[in-house]
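Remarks on the structure that follows.
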Amino acid sequence: MSLFDWFANRRKAGPISKERQEREIADGLWSKCSHCGVLTYAKDLRSNALVCPDCGHHNRVGSDERIEQLIDPQTWCSLSDQLRPTDPLEFRDRKSYTDRIQDTQAKTGLNDSVITGVGELHGLPVALGVMDFRFMGGSMGSVVGEKLTRLIEQGTRDRIPVIIVCASGGARMQEGMLSLMQMAKISGALQRHQEAGVLYMPVLSHPTTGGVTASFAMLGDIIIAEPEATIAFAGRRVVEQTLREKLPDDFQTAEYLLNNGFVDMIVPRTQLKKTLAQLIRLHQPIESREHTNHTMPPTSVPVLDRFPLTTHTVD
Amino acid sequence: MSNAERRPLLLDFEKPLVELESRIIQIRELAEENNVDVSDQIEQLEGRATQLRREIFHSLTPAQRLQVARHPRRPSTLDYIQAMTDEWVELHGDRSTGSDDKALVGGVARLAGRPVVMLGHQKGRDTKDNVARNFGMASPSGYRKAMRLMNHANRFGMPILTFIDTPGAYAGVEAERLGQGEAIAYNLREMFRLDVPIVCTVIGEGGSGGALGIGVGDRLLMFEHSVYTVASPEACAAILWKDAGKAPQAAEALRITATDLQNLGILDEILPEPDGGAHANPLAAAATLKQALVSSLDHLSTHAAAELRELRYQKFRDIGVFLEPAT
């Protein structure tokens, strides 16, 4: 084969897809920032919470890694992790929903797009839900609704703060109206949590849109956003179509929402755990704060014993 | 109304019916001109027309139902309110953003002797009206007005009746800037807090979060040819099929009809419509709605506030279908 043929064949093979490119880089030793192009040693990037040390770009984090970033080692206990989606509508677009679920589960190793559980954050007990954009765009169907509702109910029962890290395109169309109703179901659980006087803090990561924005993402006592995250009710393209005009560059970013008064603060991911812990401590009554002061070593009682869980929901 | 006036509002599947009706008119005119008695034949043909109308409207596809739900002559929130109530005073403004959203109307009323708060999306009657009403797409200010009126109802112990009829919440720069997501989210949570009975009725189009923003209640009713969707079939087709032309398939797949929603455990009661749809006989549709609302309120009024809230919570708590293998 001549050198020319080799080039011709390569061209025929087509450009490397973005997904493949990202995967290859992620598996490698070095990672190239999709924002500034600077190469970072993969381990360094990981220890920097997947935030580019050079430009501060926040790369997408999987739910497992997010839990590692936020929860003290050996204190995590996942809840309802056997819950799986099914296909109540027998929905079929270009592909059946059943196949889509199976393929996505095989590809991601996840059952659905949220992981929930209880654990300790700098020694403070929290109920944490983390959405995973890799699973069908973090879309919200019956499983997301049920898992988050159970999580919030547990938070209410045990009077512990609830934190939900959002990353979602919105309601999952393949479950039709069942998905839409999850917005109400979760909001109902949050109403009881609020009435019990317990703290709820959603963390809005990129992207937080649609039905998630129009429900639990916007219902925090304190709402935290990650830098430059897209946070929107209607997608940018929808708004552009509605108005047929060019939109400002910062439209629907975390910074835009901060300016308009819809989020409390923008916190870089590297500061997130510290900030959450500080806020939780600030909302504790004085007497109990002494027991969980961050300067004290984490309590030795495993989280499981302090928050007895029904056995069928524990892994 | 003459045929010429009706034609632009004619739905394609009504065509055989209109052909039959115009033939009846032709025969009648001919008979009059020639002084022939054709009353028997006409009666027969009219019977067939009634039969045909019933058949057509009893076997509508989801896409056809969507057309009926969006019919420009379909009775709107204010039409129903006017037809049902003894008294009605419209109230305005959300008391926060400095505007009054005309796409979402509400006020205090007397229904069968009982003071209530009524509110709902309002579509326009013609182009000019529709521009003022923003085609029934409410802004954050509309949802905040709704919440303000619901809090008002709560304070005075008045039941809340909401009427859903919107393509969706408005998607514009101003709506985003003013927190469309927050406005809807806030209503979803706060409606669980209210101590008074809440009955929600989908009278036309139930479009996604914009519908749900006034849709958390103790009972959900729906007119027979109304639809309630997680996303408009057009948007769904564009996203999942990458082809907006596949909207009829999406309408089918999304399960948007009253019967579908009853099967999914979301809907409490289907309200039958007159043959030819609610727009064919708005007063009959209003009578059906009034009766259903009154009997719902009679039933809900027997519960104490705490009980009502618990039942409302459980109603939504139970919605969802998933697998959970025992471990």
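Every heavy atom of this structure was used, including side-chain atoms; hydrogens, water molecules and symmetry mates were not. Because the structure is a prediction, the values reported are computed rather than measured. The sequence lines fix the lettering, A, B, ..., with proteins before strands; numbering per chain opens at 1.
Of the residues considered (A/A189, A/S179, A/P248, A/A171), A/A189 shows the highest number of contacts with chain B, using heavy-atom pairs under 4.5 Å. Listed options B/V216, B/L178, B/I239 were ranked by heavy-atom pairs under 4.5 angstrom with chain A; first place goes to B/L178. Interface summary for chain A: among B/G215, B/A231, B/S208, the most heavy-atom pairs under 4.5 angstrom belong to B/S208. Taking A/L190, A/V143, A/T149, A/L247 one by one and counting their heavy-atom pairs under 4.5 Å with chain B, the maximum is reached by A/T149. In terms of heavy-atom pairs under 4.5 Å with chain B, the best-connected choice from A/L219, A/I223, A/V239 is A/L219. Per-residue heavy-atom pair counts under 4.5 Å with chain B were compared for A/G145, A/G170, A/S187, and the maximum is reached by A/S187.
The CZ atom of A/R236 sits 11.0 Å away from atom CD of B/E176, with the distance rounded to the nearest 0.5 Å. The structure places CG of B/L188 at 5.5 Å from CE of A/M183, a figure rounded to the nearest 0.5 Å.
Nearest heavy atom pair, residue B/I266 against residue A/M177, reads CD1-CB, 3.6 Å. Nearest heavy atom pair, residue B/C236 against residue A/F91, reads SG-CZ, 4.4 Å. Taking each heavy atom of A/Q174 and B/L240 in turn, the nearest pair found is NE2-CD2, 3.7 Å. Of all the heavy atoms in A/M218 and B/A185, the pair that sits closest is CB-CB, 4.0 Å.
Only the backbone of A/R92 has a heavy atom closer than 4.5 Å to any heavy atom of chain B. For B/L264, the parts lying near chain A are the backbone and the side chain together; criterion is any non-hydrogen pair under 4.5 Å. For B/T229, the part lying under 4.5 angstrom from a heavy atom of chain A is the backbone only.
Proximity to chain B among residues 207-217 of chain A is limited to A/T213, A/A214, A/S215, judged by heavy-atom separations below 4.5 angstrom. Listed in order of number, the residues of residues 252-260 of chain A that approach chain B to under 4.5 Å between heavy atoms are A/Q252, A/Y256, A/N260. Residues of residues 243-260 of chain B that come within less than 4.5 angstrom of chain A, heavy atom to heavy atom, are B/A253, B/L254, B/R255 in numerical order. Close approach to chain A, defined as a heavy atom under 4.5 Å from one of its heavy atoms, is seen in B/Y313, B/F316, B/R317, B/I319, B/G320, B/V321, B/F322, B/L323 of residues 311-323 of chain B, taken by number.
The environment of A/E90 atom CD is sparse: at most 12 non-hydrogen atoms of other residues, nucleotides or ligands sit within 6.0 angstrom.
Using a 4.5 Å heavy-atom threshold, the side chains of A/Q194 and B/R193 count as touching.
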B/E310/A/R192 under salt bridge (Lys or Arg N to Asp or Glu O under 4.0 Å): CA gap, chis, key distance, verdict: CA-CA 11 Å; B/E310 175 64 27; A/R192 293 189 160 190; 2.7 Å; yes
